[in-house]
A.B. asks: 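Sharing a structure here in structure tokens format.
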Amino acid sequence: MSASVYIPCDSSALSLGAERVAEAVSIEAVRRGADLNLIRNGSRGMFWLEPLVEVVTPEGRIAYGPVQTKDVVSLFEENFLSGGEHPLRLGLTDEIAYLKNQERLTFARVGITDPVSLADYLAHGGYRGLKRALGMPAAAIVKEVTDSGLRGRGGAAFPTGIKWNTVLNAAAEQKYVVCNADEGDSGTFSDRMIMEGDPFVLIEGMTVAGLAVGATQGYIYLRVEYPHAHRNLNAAIESAYQAGYLGGDILGSGRRFDLEVRLGAGAYVCGEETSLLESLEGKRGLVRFKPPLPAIQGLFGQPTVINNVISLASVPVILDKGGVYYRDFGMGRSRGTLPIQLAGNIKHPGLIEKAFGITLRELLYEYGGGSASGRPIRAVQVGGPLGAYLPESQFDVPLDYEAYTEIWAVLGHGGIVVFDDTVDMARMARYAMEFCAIESCGKCTPCRIGSTRGVEVMDKIMATQDRARNIALLRDLCDTMLNSSLCALGGMTPYPVLSALNHFPEDFGDESRGWAGDAAA
Ligand SMILES: Cc1cc2nc3c(=O)[nH]c(=O)nc-3n(C[C@H](O)[C@H](O)[C@H](O)COP(=O)(O)O)c2cc1C
Ligand code: SF4
């Protein structure tokens, strides 16, 4: 009987040698005459264990990791194809605490199935949501999503049902569904993992969105830096067309939905929804004034649903199990789960899908195992490059949109980047201004000019020049950027800058940290 072995084709695993390990396992199996069914899955999201090799046994899938090519011969020698003992054996994959304690709704199949096999997707509950949606009136689909409490996972946390309802009620010949797969935030990779590890769930979610609002054309705006996601999305779209899940007559219903992937060109601001639409129309990625909202006048001037990958990929489980099932997870007005991405100076980086309400402290220590350097964790940036830095005193605040608003922080796309006590927070503040200066689309003055002046002011503060005056100037500048930028790139750059200054003032002038600061700082 052939043994089924899973080795990820996810790019995080590939970057750690998964391709070479897969080759070595295949060659060794041939050499030994072992009958092997090698499946390339997505990643389970435990990056410190990648490449993670799994073998199917009667007890379940047994994991070995991190496996390097030099380990392959000994794995065969110790009979890993039957789950044999080996120093790299981790036991049943599903029993690994990091994974076992998660609540995987959106990521239910990632790492489990062959991402580009439609049969595997169907065997694991795929397309149940679409089948249900096909029998529902459009308004009932929108209501199910509204009832789920789903809020956009791209950053702004706008209620998805309300957005869809606006598009549903907009009269037009042609409407569109656009998936924002630009994923530009530092330390984030959940969109990538879905697109590489379970592309059908995104395709299903977009098809349901099309039925819900009356859109017949969808586009996935994918960042060019994701070639593996591009390949898997195109393979899955092709299979979905062949099997009648996309096209002019979805599963014989007479309903149409077409879908294409379009590549971005590498600008952070093209993740902002209106400049994304400009880019998708073939123009330079420049932010548009709002109103009109994209839901009323979006792509090519037509009503458009634009949602993040995770928002859309959460729709199939909502349609399958019901909005009430989904909203039972979470706290307050933050319903369902958030795929949290743990990165930076952390021992166990990876993807943790949990209901809202978990704290940073639990994530950093119970999941993350503390810093990779072994030094104390000093600051954590949550929500990408425009997110605030949180000090240890805020590690017990639950991950909840409103709780984070109260402490002047954001959850954004759920990215968490960890820094130990060697970090210089003034340098991080300068970096935030520099990032904004480089990525600014240039349309409005507070961002275009303000960020450049911000870098200069930070340089003066760091050079201990007239520090008190320059810190006051920095605050003034941040105030202008916050209140008068056209979009959140300029409008949120003050979050990392001011949180660094407010929580870590010693890095902006405390003599004990080695700077000959002036007395007023
Ligand atoms: C500078 C900037 C960059 C953004 N980048 C992304 C991104 O990469 N992916 C994303 O989904 N949303 C991004 N957003 C948020 C989008 O503008 C928009 O809110 C989102 O696509 C809406 O989808 P959602 O409601 O499902 O979150 C960005 C916003 C700004 C201001
Ligand atoms: S804030 Fe920056 S990125 Fe946004 S519109 Fe203004 S210049 Fe462009």
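FYI, side chains are in, hydrogens and waters are out, and symmetry mates aren't considered; it's all heavy atoms of this structure. When a ligand or atom number is given, it counts from 1 through the structure's own listing order.
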A.B. asks: Are Leu351 and Arg104 packed together at the side-chain level, in the sense that at least one heavy-atom pair is separated by less than 4.5 angstrom?
C.D. replies: yes
A.B. asks: Taking atom NZ of Lys290 and atom CG of Leu486, what is their separation to the nearest 0.5 Å?
C.D. replies: 9.0 Å
A.B. asks: Is there a heavy atom of Lys163 sitting under 4.0 angstrom from any atom of ligand 1?
C.D. replies: yes
A.B. asks: Give yes or no for whether the N/O distance cutoff of 3.5 Å, strictly under, is met between Asn180 and ligand 1.
C.D. replies: yes
A.B. asks: Provide the number and element of each atom of ligand 1 under 4.0 Å from a heavy atom of Leu489.
C.D. replies: 1 (C), 31 (C)
A.B. asks: Does Ala156, backbone or side chain, put an N or O under 3.5 Å from an N or O of ligand 1?
C.D. replies: no
A.B. asks: To the nearest 0.5 Å, tell me how far Leu246 CG sits from Glu238 CD.
C.D. replies: 11.0 Å
A.B. asks: Before signing off on this row, confirm whether Asp185 and ligand 1 have an N or O atom pair separated by under 3.5 Å.
C.D. replies: no
A.B. asks: When rounded to the nearest 0.5 angstrom, what is the spacing between CG in Asp185 and CG in Asp191?
C.D. replies: 9.0 Å
A.B. asks: Which ligand 2 atoms, with their elements, are less than 4.0 angstrom from a heavy-atom of Val269?
C.D. replies: 3 (S)
A.B. asks: Listing by chain and number, which protein N, O or S atoms are under 2.8 Å from atom 6 (Fe) of ligand 2?
C.D. replies: Cys444 SG
A.B. asks: Atom 13 (C) of ligand 1: which protein heavy atom is closest, and how many Å away?
C.D. replies: Gly271 O, 3.2 Å
A.B. asks: With respect to Glu183, determine whether any N or O atom, backbone or side chain, lies less than 3.5 Å from an N or O atom of ligand 1.
C.D. replies: yes
A.B. asks: Roughly how far, to the nearest 0.5 Å, is the OH atom of Tyr245 from the CG atom of Leu251?
C.D. replies: 5.5 Å
A.B. asks: Here's a test for you: under ring-ring contact (aromatic ring centres under 6.0 Å, His included), which of Trp48, Phe47, Tyr98 qualifies with Tyr367?
C.D. replies: Tyr98
A.B. asks: Describe, in one word, how the ring planes of Tyr495 and Trp408 are oriented to each other, choosing from parallel (under 30°), tilted (30 to 60°) and perpendicular (over 60°).
C.D. replies: parallel
